[in-house]
Amino acid sequence: MAQLFEARRNLYQFLLRMFHGPLDQKWLDAILEFGDVGGLGELGNGGADLQDFFKGNPCLKKEAREFSRLFIGPGTLPVPPWESFYRSCEQMLFDDVMYGVREHYHREGLQFVRENNEPDDHLAVELEFMLHLIVKGIQAKENEELFRNLEKQRGFLDVHLAQWIGAFGKRLAHSTDSKLYKGAALLAADFIASDLDFLNELVEGLSHAG
């Protein structure tokens with residue numbers, strides 16, 4: 001089970017790096033040296049696109065421009081990276097959905113560093129929060145502590161991240177020709193949906209065992 005939790009941590013860490021900012025040479029070198037690039041092909045169409053990207057001859061400047069076009073601007077963003085855009089009736093930011101995300105952070109004693117200046121429900125921040133919970137789960141000393149942690153992970157995915165990652169991934173995949181971001185979009189959508197299924201089964205099984 002520990003290896004499975006570590007594999008989940010590594011994949012969330014990888015996705016966080018994909019959406020936190022443009023890929024730089026340091027991270028590319030680290031992925032090529034320490035990452036399982038060959039294993040990406042086993043992770044569906046998204047993994048196959050990413051494998052092609054990393055095995056090719058990536059132009060990081062081109063990918064950085066694409067990251068800015070997709071997620072930063074200037075101008076209208078093809079793929080806004082905030083949950084509330086996909087879940088609010090009028091695609092409004094700083095709405096009730098975002099404040100719900102913030103409550104999850106605050107219950108863990110965390111606060112988005114740009115709180116009240118930028119929306120808390122950016123994809124990279126939500127991925128970082130999941131990574132935080134997974135690391136705490138790995139460090140849990142008692143079964144009860146681990147169970148409560150897994151319930152928190154499942155709750156956040158169920159109520160927030162898994163609710164919009166599919167729409168985000170579809171929009172991103174149709175908005176770019178970049179194998180890096182198309183692959184990341186498809187992988188994120190597929191993995192997070194399957195991770196929620198995994199957590200549902202695990203929490204249910206542990207609750208019956210208890």
Side-chain angles (χ1 to χ4, degrees), residues 1-72 79 81 105 108 110 112-113 122-141 146 149-150 152-154 156-157 161-162 165-166 168-169 172-173 176-199 202:
M1 187 68 74
Q3 289 183 337
L4 186 54
F5 288 164
E6 289 173 1
R8 293 178 62 237
R9 177 197 63 194
N10 292 341
L11 197 40
Y12 273 102
Q13 200 164 37
F14 176 81
L15 291 173
L16 171 60
R17 188 61 198 86
M18 293 299 100
F19 295 110
H20 181 268
L23 191 68
D24 58 25
Q25 190 64 51
K26 178 182 177 181
W27 273 99
L28 177 61
D29 291 343
I31 290 170
L32 294 176
E33 183 174 357
F34 302 110
D36 183 15
V37 173
L40 286 171
E42 302 174 6
L43 300 177
N45 293 334
D49 279 343
L50 287 167
Q51 184 181 64
D52 288 345
F53 172 82
F54 288 116
K55 285 189 171 182
N57 186 25
C59 176
L60 295 184
K61 288 184 178 179
K62 176 183 176 182
E63 298 302 333
R65 290 193 297 269
E66 184 67 352
F67 185 92
S68 293
R69 183 186 75 84
L70 292 167
F71 308 123
I72 299 176
V79 192
Y105 301 164
E108 288 299 302
L110 302 174
F112 179 40
V113 293
H122 190 288
L123 175 58
V125 185
E126 293 196 10
L127 290 169
E128 188 173 13
F129 180 66
M130 276 299 298
L131 186 59
H132 166 82
L133 292 177
I134 290 168
V135 170
K136 287 189 68 175
I138 292 172
Q139 296 171 345
K141 303 297 184 183
L146 174 60
N149 172 272
L150 292 171
K152 291 176 182 179
Q153 293 183 42
R154 179 179 69 164
F156 187 73
L157 285 186
L161 190 48
I165 192 65
F168 170 86
L172 177 51
T176 183
D177 292 325
S178 164
K179 286 201 169 185
L180 175 62
Y181 294 115
K182 187 185 291 286
L186 297 173
L187 178 60
D190 289 346
F191 168 67
I192 288 169
S194 66
D195 196 42
L196 178 57
D197 289 340
F198 163 74
L199 289 171
L202 181 59

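Bear in mind that the values here come from a model prediction, so they are computed numbers and not experimental data.
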Over all heavy atoms of both residues, which pair between [X] and [Y] is shortest? Give the atoms and the distance, please.
| X | Y | result |
| --- | --- | --- |
| Leu131 | Leu16 | CD2-CD2, 4.0 Å |
| Ala173 | Ala185 | N-CB, 4.1 Å |
| Met18 | Phe67 | O-CE1, 3.8 Å |
| Phe5 | Ile134 | O-CG2, 3.9 Å |
| Leu15 | Ala184 | CD2-O, 4.2 Å |

Which pairs with one or both residues in residues 16-60 pass ring pair (Phe, Tyr, Trp, His ring centres under 6.0 Å), sequence neighbours excluded?
->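 Ring pair (Phe, Tyr, Trp, His ring centres under 6.0 Å) check on residues 16-60 returns Phe19-Phe168.
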
Excluding sequence neighbours, so at least two apart, what forms side-chain contact (heavy atoms from CB on, under 4.5 Å) with [X]?
| X | value |
| --- | --- |
| Asp190 | none |
| Gln25 | Leu28, Asp29, Leu60 |
| Leu11 | Phe14, Leu187, Phe191 |
| Glu6 | Arg9, Ile138 |

[X] side, atom [atom1]; [Y] side, atom [atom2] - distance, nearest 0.5 Å:
| X | Y | atom1 | atom2 | answer |
| --- | --- | --- | --- | --- |
| Glu66 | Tyr181 | CD | OH | 8.0 Å |
| Gln153 | Leu196 | CD | CG | 11.0 Å |
| His132 | Tyr12 | NE2 | OH | 14.5 Å |
| Leu186 | Leu50 | CG | CG | 8.5 Å |

Looking at Arg17 and Asp24, does any basic side-chain N land under 4.0 Å from a carboxylate oxygen?
->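 Salt bridge flag = yes for Asp24 with Arg17.
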
Do [X] and [Y] have side-chain heavy atoms sitting under 4.5 Å apart?
| X | Y | answer |
| --- | --- | --- |
| Pro22 | Glu63 | no |
| Ile165 | Leu123 | yes |
| Gln139 | Val135 | yes |

Side-chain donor-acceptor contact under 3.5 Å, Gln13 with Arg8 =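 Their side chains do not contain a donor-acceptor pair, so the 3.5 Å distance test is not met.
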
Any donor-acceptor N/O pair, Lys182 side chain to Thr176 backbone, under 3.5 Å |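 Checking the backbone N and O of Thr176 against the side chain of Lys182, a donor-acceptor pair under 3.5 Å is found.
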
Any pair with a residue in residues 47-58 that passes side chain to side chain donor-acceptor pair (under 3.5 Å), sequence neighbours left out, goes on the list, sorted by first then second residue, please.
->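 Non-adjacent pairs meeting side chain to side chain donor-acceptor pair (under 3.5 Å): Asp52-Lys179.
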
For Arg154, the option from Leu133, Asp195, Leu199, Leu202 that meets side-chain contact (heavy atoms from CB on, under 4.5 Å) =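 Of the listed options, the one satisfying the test is Leu199.
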
Please step through side chain to side chain contact (heavy atoms under 4.5 Å, CB included) for the pair Phe156 and Glu126, ending with a clear verdict.
-> CA-CA 9 Å; Phe156 187 73; Glu126 293 196 10; 3.9 Å; yes

Begin with the C-alpha distance, continue with both residues' side-chain angles, and end with the deciding distance and a verdict on ring-ring contact (aromatic ring centres under 6.0 Å, His included) for Phe129 and Tyr105.
-> CA-CA 7 Å; Phe129 180 66; Tyr105 301 164; 5.1 Å; yes

